[in-house]
**Student:** 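Got a structure here, written out as C-alpha cells. Questions coming.
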Amino acid sequence: MKVIEDMQHWRDVRRKIGGDVGFVPTMGALHKGHASLLHCSVENNDVSVMSIYVNPTQFNDPADLQNYPSTMKQDLQLAESIGVDYVILPSDHDIYPDGFRYQVIENEFSRQLCGVNRAGHFTGVLTVVMKLLNMVKPRRAYFGKKDYQQYVLIKDMCAAFCMDVEIVGCETVRERDGLAMSSRNKLLSEPARAVAHKFKQALSCAPAKISADQTLADQKMADQLVADRLAAYGFQVDYVETRKHRRFGAIVVEGRNGQVRLIDNVELESKVIGGDQ
Ligand code: PAF
C-alpha cells in the first residue's frame, strides 16, 4: 500500500493506473463501518484508493472539529490489511487553493434533517466530495447509509453534474447492541455509551410497517412518539422525521469532552402516503 501526501505526485501516479478504481473518502478514525466500505471497494474494483482528510468546511461547530478523533497509525494498518492500494492525504491547501470561494450548493434536501441545525454542513460535504472525486477519478465511490442524507445528496450531485462515477451506498454497520458505528462513538462518555443503543431501539419502536391507508398525520404522530421516547431516555432530541421511506433521527448526548451529536436512520417497510417530501 502506498501512502501519498504530495498531490502533484498523486496526479502522476493516477495517470498510470489502469482498470476500475474504487474510492472510499474518509475523515480517518476508521471503524468497522469504514472497513465494510473498503472491503466492498477491494472486492469490486481493480485498484482501491482511500483518502483521509478532516474537512474543516463541514464542521459548523469549531469545538466539534477540534475534538474530531485522529487515529492515523491504526487507520493505515486497517486499510493495508484489507488490501487498499493507495491512501491519499491531501492538505487544506490541496483541497482549498481557492480559499473555499467556489462551493457546491444544493437548495432542497440539504436544508432538511441535519441541514436545519447545521447550516452550511452539506455545502462543505458536497464541495469536498466533488474535489476528491476529481482528484481520484474513480469508477465507483462508497458511502455508508448511516449518513443516508449525505449519501443521497452526493448521488444526486453526481447525477446533476453528469459525473461518470457510480455512488454505492453500503448498509450501516452496528455494534452488538445496535448502536450505529461512528467515529464519534469514541467521544462518548461511559454513561452516554451505556444508553446510546436505545437510540436505534427508539427509532424502530413506532410502527415501522406502514399500511397503505396511513396518512402523513399518522406518520408525524409516530415520529413524535419516537421523539418522546428518546427524550424520556434523557437524550436531547434534534429531530425525528420520516423522509424517503426512512425514519431519521439526530440526538445530542454527553461526551468526554463536551457534547456529541449522533445520527441514525431505519428503513420503513412500505411507502408512506405523502411522506416522501
Ligand atoms: O462521511 C464522511 O466521513 C465525510 O462526510 C466525507 C464523505 C469523507 C467528506 O468529508
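As the structure is a prediction and not an experimental result, all values here were calculated from the model.
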**Student:** Within this structure, what is the CG-CD1 distance for the pair Leu113 and Ile263, rounded to the nearest 0.5 Å?
**Tutor:**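 Leu113 CG to Ile263 CD1: 9.5 Å, rounded to 0.5 Å.
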**Student:** Search all heavy atoms of Val47 against all heavy atoms of Ile17 and return the closest pair with its distance.
**Tutor:**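 The pair with the smallest heavy-atom distance is CG2-CG2, 3.8 Å.
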**Student:** Please test Ser48 against Tyr86 for side-chain hydrogen bond (donor to acceptor under 3.5 Å, both in side chains), starting from the C-alpha separation and ending with a verdict.
**Tutor:** CA-CA 7 Å; Ser48 285; Tyr86 297 96; over 6 Å; no
**Student:** What do the steps show when you test Val13 against Lys2 for side chain to side chain contact (heavy atoms under 4.5 Å, CB included), and what is the final call?
**Tutor:** CA-CA 10 Å; Val13 170; Lys2 297 241 164 13; over 6 Å; no
**Student:** How close do Val165 and Cys158 get, heavy atom to heavy atom, and via which atoms?
**Tutor:**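 Taking every non-hydrogen atom into account, CG1-SG, 3.8 Å.
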**Student:** What residue pairs, at least two apart or across chains, pass side chain to side chain donor-acceptor pair (under 3.5 Å) with a residue in residues 147-159?
**Tutor:**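 Applying side chain to side chain donor-acceptor pair (under 3.5 Å) to every pair that reaches into residues 147-159, excluding sequence neighbours, yields nothing.
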**Student:** Assess the residue pair Asp6 and Trp10 against the criterion (side chain to side chain contact (heavy atoms under 4.5 Å, CB included)); give the C-alpha distance rounded to whole Å, side-chain angles, the decisive distance to 0.1 Å, and a yes or no.
**Tutor:** CA-CA 6 Å; Asp6 176 344; Trp10 163 249; over 6 Å; no
**Student:** Are Lys146 and Val173 packed together at the side-chain level, in the sense that at least one heavy-atom pair is separated by less than 4.5 angstrom?
**Tutor:**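 When only atoms from C-beta onward are counted, Val173 and Lys146 do not touch, as no gap falls below 4.5 Å.
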**Student:** Before accepting this row, confirm whether a basic side-chain N of the pair Arg247/Glu241 lies closer than 4.0 Å to the acidic partner's carboxylate O.
**Tutor:**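 Here Arg247 does not pair with Glu241 in a salt bridge, since their nearest N and O are not under 4.0 Å apart.
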**Student:** Looking only at side chains, do Gln103 and Thr127 share a donor and an acceptor under 3.5 Å apart?
**Tutor:**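 Distance-only check fails for Gln103 and Thr127.
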**Student:** So, Glu106 side chain and Ser110 main chain: donor-acceptor pair closer than 3.5 Å or not?
**Tutor:**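 Between the backbone of Ser110 and the side chain of Glu106 there is a qualifying donor-acceptor contact (under 3.5 Å).
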**Student:** Hydrophobic cluster membership, with links at side-chain heavy-atom distances under 4.5 Å among I/L/V/M/F/W/Y: are Met27 and Met130 in one?
**Tutor:**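 Result: no, two separate clusters.
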**Student:** Once rounded to the nearest 0.5 Å, what's the spacing between atom CG of Leu203 and atom CZ of Arg246?
**Tutor:**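 One gets 11.5 Å once the value is rounded to the nearest 0.5 Å.
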**Student:** Look at atom CD of Gln74 and say whether more than 12 heavy atoms of other residues, nucleotides or ligands are closer to it than 6.0 Å.
**Tutor:**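 Yes, because the 6.0 Å sphere around CD of Gln74 holds more than 12 heavy atoms from other groups.
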**Student:** Can you tell whether the side chains of Arg261 and Asp238 come within less than 4.0 Å, N to carboxylate O?
**Tutor:**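 Result for this pair is yes, salt bridge flagged.
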**Student:** Apply side chain to side chain contact (heavy atoms under 4.5 Å, CB included) to the pair Asn185 and Val260, showing each step before the final yes or no.
**Tutor:** CA-CA 8 Å; Asn185 294 352; Val260 181; over 6 Å; no
**Student:** To the nearest 0.5 angstrom, please state how far the NZ atom of Lys145 sits from the CG atom of Asp264.
**Tutor:**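 Nearest 0.5 Å value for the NZ-CG distance: 13.5 Å.
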**Student:** Same hydrophobic cluster for Leu30 and Leu89, using side-chain heavy-atom links shorter than 4.5 Å among ILVMFWY?
**Tutor:**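 Yes, it is one cluster - the side chains of Leu30 and Leu89 are joined through contacts under 4.5 Å.
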**Student:** Using modelled atom types only, decide if a donor and an acceptor are shared between the side chain of His245 and the backbone of Leu268 within a distance under 3.5 Å.
**Tutor:**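 Absent.
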**Student:** Any non-hydrogen side-chain atom of Val253 less than 4.5 Å from a side-chain atom of Gln259?
**Tutor:**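 A side-chain contact is absent here, since even the closest heavy-atom pair is not under 4.5 Å.
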**Student:** If only side-chain N and O atoms count, and only distance matters, is there a donor-acceptor pair under 3.5 Å linking Tyr239 with Asn117?
**Tutor:**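 Looking only at side-chain atoms, Tyr239 and Asn117 do not form any donor-acceptor pair under 3.5 Å.
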**Student:** Report whether Val136 and Ile167 are members of the same hydrophobic cluster (ILVMFWY, side-chain heavy atoms less than 4.5 Å apart, transitive linking).
**Tutor:**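 In one cluster: yes.
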**Student:** Step by step, work out the side chain to side chain contact (heavy atoms under 4.5 Å, CB included) result for Lys131 and Tyr96.
**Tutor:** CA-CA 9 Å; Lys131 288 171 185 244; Tyr96 295 112; 4.0 Å; yes
**Student:** Linking I/L/V/M/F/W/Y whenever their side-chain heavy atoms sit closer than 4.5 Å, directly or via other members, would Met181 and Met50 fall into one cluster?
**Tutor:**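 Different clusters.
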**Student:** Between Asp75 (side chain only) and Ala29 (backbone N and O only), is there a donor and an acceptor less than 3.5 Å apart?
**Tutor:**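 Yes, the answer is positive, given that a donor and an acceptor are paired below the 3.5 Å cut-off.
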**Student:** Which atom pair, heavy atoms only, marks the closest approach of Leu132 to Pro90?
**Tutor:**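 Distance-wise, the nearest heavy atoms are CD2-CG, 4.2 Å.
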**Student:** Would Tyr68 and Val129 show up in the same hydrophobic cluster when neighbours are defined by side-chain heavy atoms closer than 4.5 Å?
**Tutor:**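 Different clusters: Tyr68 never reaches Val129 through Ile, Leu, Val, Met, Phe, Trp or Tyr contacts under 4.5 Å.
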**Student:** Quick one: do Asp177 and Arg193 make a salt bridge, cutoff under 4.0 Å?
**Tutor:**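 Salt bridge present between Asp177 and Arg193.
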**Student:** Within the 4.5 Å heavy-atom criterion, are Asp46 and Val21 side-chain neighbours or not?
**Tutor:**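 A side-chain contact is absent here, since even the closest heavy-atom pair is not under 4.5 Å.
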**Student:** Do the side chains of Tyr53 and Ile95 get nearer than 4.5 Å, heavy atoms only?
**Tutor:**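 When only atoms from C-beta onward are counted, Tyr53 and Ile95 do touch, with a gap below 4.5 Å.
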**Student:** Can you measure from CZ (Arg118) to OG1 (Thr123) and round to the nearest 0.5 angstrom?
**Tutor:**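 Those atoms lie 12.0 Å apart.
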**Student:** Distance-only, no hydrogens or angles: does the Asn265 side chain make a donor-acceptor pair with backbone N or O of Gly249 under 3.5 Å?
**Tutor:**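 Not at all, since once roles are kept as given, no pair shorter than 3.5 Å links the two residues.
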**Student:** Which atom pair, heavy atoms only, marks the closest approach of Gly115 to Phe122?
**Tutor:**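 In this case the closest contact between Gly115 and Phe122 is N-CE1, 3.8 Å.
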**Student:** Minimum heavy-atom separation for Val226 and Cys205, please, with both atom names.
**Tutor:**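 In this case the closest contact between Val226 and Cys205 is CG2-SG, 4.2 Å.
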**Student:** Other residues, nucleotides and ligands only: do more than 12 of their heavy atoms fall within 6.0 Å of CG on Asp164?
**Tutor:**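 For Asp164, atom CG is not crowded (no more than 12 foreign heavy atoms under 6.0 Å).
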**Student:** Side chains of Arg140 and Asn45: any donor to acceptor distance under 3.5 Å?
**Tutor:**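 Yes - a donor-acceptor pair under 3.5 Å links their side chains.
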**Student:** For the backbone of Lys137 and the side chain of Arg14, can you confirm whether one donor and one acceptor N or O come within less than 3.5 Å of each other?
**Tutor:**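 Yes: the side chain of Arg14 pairs with the backbone of Lys137.
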**Student:** Please check this pair: side chain of Ser204 against backbone of Lys200, looking for a donor-acceptor N/O pair closer than 3.5 Å.
**Tutor:**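 Between the backbone of Lys200 and the side chain of Ser204 there is a qualifying donor-acceptor contact (under 3.5 Å).
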**Student:** Is it true that a side-chain atom of Asp94 and a backbone atom of Ser91 form a donor plus acceptor pair closer than 3.5 Å?
**Tutor:**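 Answer holds: yes.
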**Student:** Hey, could you give me the CG/CD1 distance between Leu133 and Ile154, rounded to the nearest 0.5 Å?
**Tutor:**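 The CD1 atom of Ile154 is 8.0 Å from CG of Leu133, to the nearest 0.5 Å.
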**Student:** So, do Ser51 and Phe23 sit near enough that their side-chain heavy atoms are less than 4.5 Å apart?
**Tutor:**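 In short, these two side chains touch, coming nearer than 4.5 Å.
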**Student:** Any chance the side chains of Asp223 and Thr242 put a donor and an acceptor closer than 3.5 Å?
**Tutor:**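 A pair is found: one side chain offers a donor N or O, the other an acceptor, under 3.5 Å apart.
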**Student:** Would you check if the side chain of Asn60 reaches a backbone N or O of Gly120 as a donor-acceptor pair within less than 3.5 Å?
**Tutor:**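 Between the backbone of Gly120 and the side chain of Asn60 there is no qualifying donor-acceptor contact (under 3.5 Å).
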**Student:** What heavy-atom pair brings Val87 and Ala79 nearest, and what distance separates the two atoms?
**Tutor:**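 In this case the closest contact between Val87 and Ala79 is CG2-CB, 4.3 Å.
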**Student:** Report the distance from atom CG of Asp228 to atom OH of Tyr233, rounding to the nearest 0.5 Å.
**Tutor:**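 It comes to 12.0 Å.
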**Student:** Using the ring of each side chain (for Trp, its six-membered ring), is Phe109 parallel, tilted or perpendicular to Phe248, with breaks at 30° and 60°?
**Tutor:**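 Answer is perpendicular, since the angle exceeds 60°.
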**Student:** How about Met157 and Leu153: do any of their side-chain heavy atoms sit closer than 4.5 Å?
**Tutor:**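 A side-chain contact is absent here, since even the closest heavy-atom pair is not under 4.5 Å.
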**Student:** Quiz question: by atom type and distance under 3.5 Å, do the side chains of Ser36 and Tyr142 form a donor-acceptor pair?
**Tutor:**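 Tyr142 and Ser36 do not have a side-chain donor-acceptor pair below 3.5 Å.
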**Student:** Under 30°, 30 to 60°, or over 60°: which ring-plane class applies to His31 and His34, parallel, tilted or perpendicular?
**Tutor:**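 The rings of His31 and His34 sit tilted, inter-plane angle from 30° to 60°.
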**Student:** Given 3.5 Å as the limit, does a donor-acceptor pair link the side chain of Ser189 with the main chain of Glu254, or not?
**Tutor:**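 Confirmed, Ser189 side chain pairs with Glu254 backbone.
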